[in-house]
Amino acid sequence: MDMKDLPKAYDAAAVEADIFKQWEESGAFDPDKLAELDPRYKGAKPYCIVLPPPNRTGTLHLGHAKMLAIEDLLIRFHRMLGKKTYWVPGTDHAALATQVKVEQLLIKEGFKDPRQELGREKFLERVRDFAQQSRDTIVEQCKRMGSSMDWKREKYTLDAERNLAVNTVFKMMFEDGLIERGYRVVNWDPTFQTTLSDDEVDHKDTQAELVTFTYDKDFPIAISTTRPETKFGDTGVAVHPDDKRYKKFVGKTLKANFCGKQITLKVIADAEVDPKFGTGALGVTPAHSLIDADLAEQHVLPMVQVIGQDGKMTAEAGKDFEGLTTIEARKKIVEILEKQGCVQKKETVPQSLLIAQRGESPVEQLPMRQWFVRVNKNFKLRNNTLGKWKKGDETTLKDLMSYAVESKQIKILPDNFEKIYFHWVNNLRDWCISRQIWFGHQIPVWYKGDETKVSNDQPGEGWTRDPDTLDTWFSSGLWTFSTLGWPDKEKWAKEREYHPTDVLETGYDILFFWVARMILMSTYVLGEIPFKDVYLHGLVRDEKGRKMSKSIGNVLDPLDLIPKYGTDAVRLSLVMGTSPGMDQKLSEDKIKDFRNFTNKLWNISRFVLTTTRSPHPPLIRGEDELSSAEGSTLADRWILSRYYGVQDRVTKLIGDYQFSQAGELLRDFTWGDFADWYLEISKVEKGKDAILWHILSRLLPLWHPFMPFVTEYIWSLIGYPQQLLVTSWPKSSYENDGKGEKEFEVIKNLITDLRRMRAEQSVEPAAFIKVAMVVDKETQKLIEENIAIVKQLARLEEVEFVSEVAKGWPTTVSGKTTVGLNLASGIDVAKEGEKIQKEIEQLKPYIKSTEAKLKNKEFVSKAPEKVVNDMKNKLEEAKAKLKALEERMKA
RNA sequence: GGACGUUUAGCUCAGUUGGUUAGAGCGUUCGAUUCACAUUCGAAAGGUCGCAGGUUCGAAUCCUGCAACGUCCACCA
């Protein structure tokens, strides 16, 4: 393309697809092919991030886009640094979530009970179809975001290799006694007919009627409940040990006729009971409350299940109630009790209802035979683990999880999430891992009579497999190593070097679900941490701070935004102005601003491409070092010094996960220094081609991790033979004494002052063409050397150096230098006077307080020398400025 | 009930070991405009850093208390 024909505005939509294709086809996303692209990758250090596998439940949202932007930034940065980078791509079957989604779709299609009507195999077929479609969309979206991962290496939480890993770990845990089957109270979702882990249950605030009553007319103790229907299952009454009212009953067994059912209740004393709540007595329902089940276990109370898996009353509730819904039963019971005169009080109280996170249906707690992971149970370690335990030592899963973070082997960013993590781990209960849904890893357990066997395949004639599947987090917990070939010895040996992975980047909302479980699995199975750093990003909210949701209609879809503003702008808007762990408000305006910046970079490059000599830059790396003749003017020294300062700081900031700050620094330099000053100067002072290229060819790599498309595109237009994404990260080579920067500030300030005066004097532009100034010899020389720049940027036609300031002519001050400016004509003296007066007023208190500070002996002796010296210099400057201003006022 | 955050310019947010007169972007106001970019350029206005104490030579930053908002966890039956 002829450079002159470059479009005025960067057209992202027109070039992104091609660029991505080139990246993909070059093999740069594949860690094993990097060495073919550049020998420096041979034997290079590995750098690995596993992509938090998106759920195959639909499409990606802005939260995913943010995740991809940050991870791709890290991957591209480390790839350019010369690491063998492996970003492991994949998707998650998301068991329950996906099945629920498909069931809902099928119901919309007209099915009443899709599972029953279709049967396991046909139903699963539908789920798999949906998951496949979703997967295709997700992969396409990831590519649109520019994510540099190699989908040829795609993994799936439900594919054969991951299944082998799941079954292997299940067997290990079973043999270690960590996985057990038990009859316990679990969370049960009657709508979807499955158990749920504690983390999959939410609370919803509602109003409920709290009824205070006695079980029958003769019962001596009154209790309160919002769920009278569960009272058929009561087997105890609990009171506080110190409660005098009930002391005489403690230890006794009482009988009652509760709405036609004979029940037997043991009165127990437990400190957990709050004597001030209600009557101070608590009806214990071991089968339908996790809390009561704990009480029952301690006091040995029997368990009577009165609510069935269908959410209706069981035969244990008596003939009159069997088959009623809980709501119907509740109503009937209260009516009967009222008739009997047993009800003492009815009041409305706030209550938090248990509901399922997926599907929002109410959750019942009831006893079932399920599989659990025992987190508090001691077991013998199979590995040397975390440097604390040796093979054969006894510990618990909980201890492993705590120690990995406690010992700082895993660092969580921001670190306040470490506290939250510990709190969660400490209160962790056994993890119910069996689900009664069909979509997922089927539990590898076989039964024959009373025998139980763990096996991938049917052990022989007459064995039947447990129909349940595993909690989705069981398989995603293995993700860091199941994706790297484990447990296949050969494959694992090949990719072993990537584990522990370097960073786990994800939203803080799945810290418990996923991050914690990966730590559990990796420390248990491998005896090592799954990742070194955890970077938690915040949620993306709408401009009003609300969660994006379809019902509010405030969802911004990445796929709508990308064609409109370009991927680079979308990515920048998700990274800039954010910090880890903090939620982000995003509006289209913000994306628009970054689209403007993308265009700015485009035009900077277009300027350099079209105005400098051809062929443009030395096209081989390392041959663009500057000769001593280049970079000899003040402006050159200034921009080089600025650039290298920025480069070093940006490199450090990205390494420290301070992406937003790194980006801001780069933007300030690119826009504020390079474009607005240096490029303008290059129009006046010729011979800057080498430096323009020197900086642009480094700026593009620095920007690449933030905005890969536009930078790569410009890079290719310039004609570099090597793709930008595998070009090495710029290194420091500039020796910088800082003098150029300081001297240039004098020129810069002078120009700024002149510009301001021109703007504020509201004079005709033509009147402001001649300036006479009084300066010391040194400064005069400096200005004379750069006179062309001053004239051009301040739009003056003439500059004159005079011996003294003429009467009535304003003066101004730049840095240390007093400059008298004589304007040729048309100055509004009154206006200028006002302005000066104001400045004086601002200056005086500062001088006063600074002088006082410097007189303070304690301050001078205790403060660092640098602070004191800086302050002294600054004070001198301020004093000089004040003096000048006062003289000007007089005039 | 417990824990953890947040509170800085009109808006969105930076401010990492306490240290010059607290920053950016957007917005606002004023001005510029053939010359890479109107997706542009220059300038200005705008903040007692939520409140009250404390530590310190020095606090947006550390400590204590309070308030508002938010999130997570637990659930009083």
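Numbers restart at 1 for each chain; the letters A, B, ... are given by sequence-line order, proteins then strands.
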Quiz item: Which parts of nucleotides 57-67 of chain B does protein reach within less than 4.0 Å, heavy atoms only, written one letter per nucleotide 5' to 3' as B for base, S for sugar-phosphate only and - for none?
Solution: B----------

Self-check item: Spacing between A:Lys590 atom NZ and B:rG27 atom P, to the nearest angstrom
Solution: 15 Å

Quiz item: When you compare B:rC30 with B:rA45, how far apart are their P atoms, in angstrom units rounded to a whole number?
Solution: 15 Å

Quiz item: Whole-Å distance between B:rU40 P and A:Leu679 CG?
Solution: 15 Å

Quiz item: Would you say the side chain of A:Leu875 lies within less than 4.5 Å of the side chain of A:Ile847, judging by non-hydrogen atoms?
Solution: yes

Quiz item: When only distance counts, do a donor and an acceptor, one from the side chain of A:Gln661 and one from the base of B:rA24, lie under 3.5 Å apart?
Solution: no

Practice problem: Classify the ring geometry between A:Phe674 and A:Phe669 as parallel (under 30°), tilted (30 to 60°) or perpendicular (over 60°). | Solution: parallel

Quiz item: Is the number of heavy atoms from other residues, nucleotides or ligands within 6.0 Å of CD (A:Gln298) greater than 12?
Solution: yes

Exercise. Quick one: label A:Asp656 by what it contacts on the DNA or RNA (base, sugar-phosphate, nothing), any heavy atom closer than 4.0 Å.
Key: nothing

Self-check item: A:Glu664 CD to B:rA24 P, straight-line distance once rounded to whole Å
Solution: 10 Å

Exercise. For A:Thr578, answer base if it contacts any base atom (sugar-phosphate contacts may also be present), sugar-phosphate if it contacts only those atoms, and nothing otherwise; contact means non-hydrogen atoms under 4.0 Å.
Key: nothing

Quiz prompt | Presence of A:Trp671 side-chain N/O under 4.0 Å of B:rA24 phosphate oxygens OP1/OP2 | solution = no

Quiz item: If we take the P atom in both B:rU6 and B:rU48, what is their distance in whole Å?
Solution: 22 Å

Quiz item: Would you say the base of B:rC37 and the side-chain of A:Lys600 have a donor-acceptor pair closer than 3.5 Å?
Solution: yes

Quiz prompt | Base-pair map of RNA chain B as dot-bracket, where | denotes pairing with a different strand and pairs are Watson-Crick or G-U under 3.5 Å | solution = (((((((..((((.....[...)))).(((((.......))))).....(((((..]....))))))))))))....

Quiz item: What nucleic acid atoms does A:Asp870 come within less than 4.0 Å of, heavy atoms only: base, sugar-phosphate, or nothing?
Solution: base

Self-check item: Upstream residue (5' side of RNA chain B) when A:Ser660 and A:Asp668 are each assigned their closest nucleotide
Solution: A:Ser660

Practice problem: Could you work out the separation of B:rA67 and B:rA74 based on their P atoms and round it to a whole Å? | Solution: 26 Å

Exercise. Tell me what A:Met582 touches on the nucleic acid: a base, only sugar-phosphate, or nothing, going by heavy atoms under 4.0 Å.
Key: sugar-phosphate

Practice problem: In whole angstrom, give me the gap between the C1' atoms of B:rA59 and B:rC51. | Solution: 16 Å

Exercise. Evaluate the side-chain proximity of A:Glu588 to A:Tyr565: yes if any heavy-atom separation is below 4.5 Å, no if none is.
Key: yes

Quiz item: Any chance the rings of A:Tyr535 and A:Phe659 have centres within less than 6.0 Å?
Solution: yes

Self-check item: Carboxylate-amine/guanidinium proximity below 4.0 Å for A:Lys848 and A:Glu851
Solution: no

Quiz item: Between atom CG of A:Asn599 and atom CZ of A:Arg606, what is the distance when rounded to the nearest 0.5 Å?
Solution: 8.5 Å

Quiz item: The side chain of A:Lys683 lies closest to which of these nucleotides: B:rU71, B:rA24, B:rA36?
Solution: B:rA36

Quiz item: What is the distance, rounded to the nearest whole Å, between atom CD1 of A:Ile681 and atom P of B:rC41?
Solution: 16 Å

Self-check item: First of A:Thr850 and A:Leu653 reached from the 5' end of RNA chain B, by closest nucleotide
Solution: A:Leu653

Practice problem: For the side chain of A:Tyr846, starting at C-beta, report the closest nucleotide among B:rA36, B:rU21, B:rU39. | Solution: B:rU21

Practice problem: Rounded off to whole Å, could you give me the NZ-to-C1' distance for the A:Lys544 and B:rC13 pair? | Solution: 20 Å

Quiz item: Are the aromatic rings of A:Phe258 and A:Phe232 close, with centres under 6.0 Å apart?
Solution: yes

Practice problem: Please report, rounded to the nearest Å, how far the C1' atom of B:rA3 is from the OH atom of A:Tyr508. | Solution: 15 Å

Exercise. Determine, using ring centers only, whether A:Tyr421 and A:Trp424 are less than 6.0 Å apart.
Key: no

Exercise. Give one of base, sugar-phosphate or nothing for A:Ala238, where a contact means two heavy atoms less than 4.0 Å apart.
Key: nothing

Exercise. For B:rU8 versus B:rG70, give the span between their P atoms, rounded off to a whole number of Å.
Key: 15 Å

Quiz item: Rounded to whole angstrom units, what separation is found between the CZ atom of A:Arg606 and the P atom of B:rU40?
Solution: 14 Å

Practice problem: Assess A:Arg517 against A:Trp431: is NZ or CZ under 6.0 Å from the centre of the six-membered ring, and within 45 degrees of the ring's axis? | Solution: yes

Exercise. Using the P atoms only, state how far B:rU28 lies from B:rA22, rounded to an integer number of Å.
Key: 27 Å

Exercise. Calculate the interatomic distance between A:Glu851 atom CD and B:rU21 atom P; express it in whole Å.
Key: 13 Å

Quiz item: What integer number of Å spans the P atoms of B:rG18 and B:rU64?
Solution: 16 Å

Practice problem: Name the nucleic acid region contacted by A:Thr752, choosing base, sugar-phosphate or nothing; use a 4.0 angstrom heavy-atom cut-off, strictly under. | Solution: sugar-phosphate

Self-check item: Euclidean distance for P, B:rC63 against B:rU7 (whole angstrom)
Solution: 15 Å

Quiz prompt | Interatomic spacing from CH2 in A:Trp602 to CG in A:Leu609 - rounded to 0.5 Å | solution = 8.0 Å

Practice problem: Give the B/S/- string for nucleotides 72-77 of chain B, one per nucleotide from 5' to 3', where a protein heavy atom under 4.0 Å of the base yields B, of only the sugar-phosphate yields S, and otherwise -. | Solution: SS-BBB

Quiz item: Between A:Ile263 and A:Lys231, what is the shortest heavy-atom contact and its length?
Solution: CD1-O, 4.2 Å

Quiz item: Can A:Arg429 and A:Asp198 be said to form a salt bridge (Lys or Arg N to Asp or Glu O under 4.0 Å), step by step?
Solution: CA-CA 9 Å; A:Arg429 288 201 277 205; A:Asp198 293 345; 3.7 Å; yes

Quiz item: With no hydrogens and no angle check, do the side chains of A:Gln365 and A:Asn187 hold a donor and an acceptor under 3.5 Å apart?
Solution: yes

Quiz item: If you look at every strand shown and take non-hydrogen atoms under 4.0 Å, does A:Lys585 touch a base, only sugar-phosphate, or nothing?
Solution: sugar-phosphate

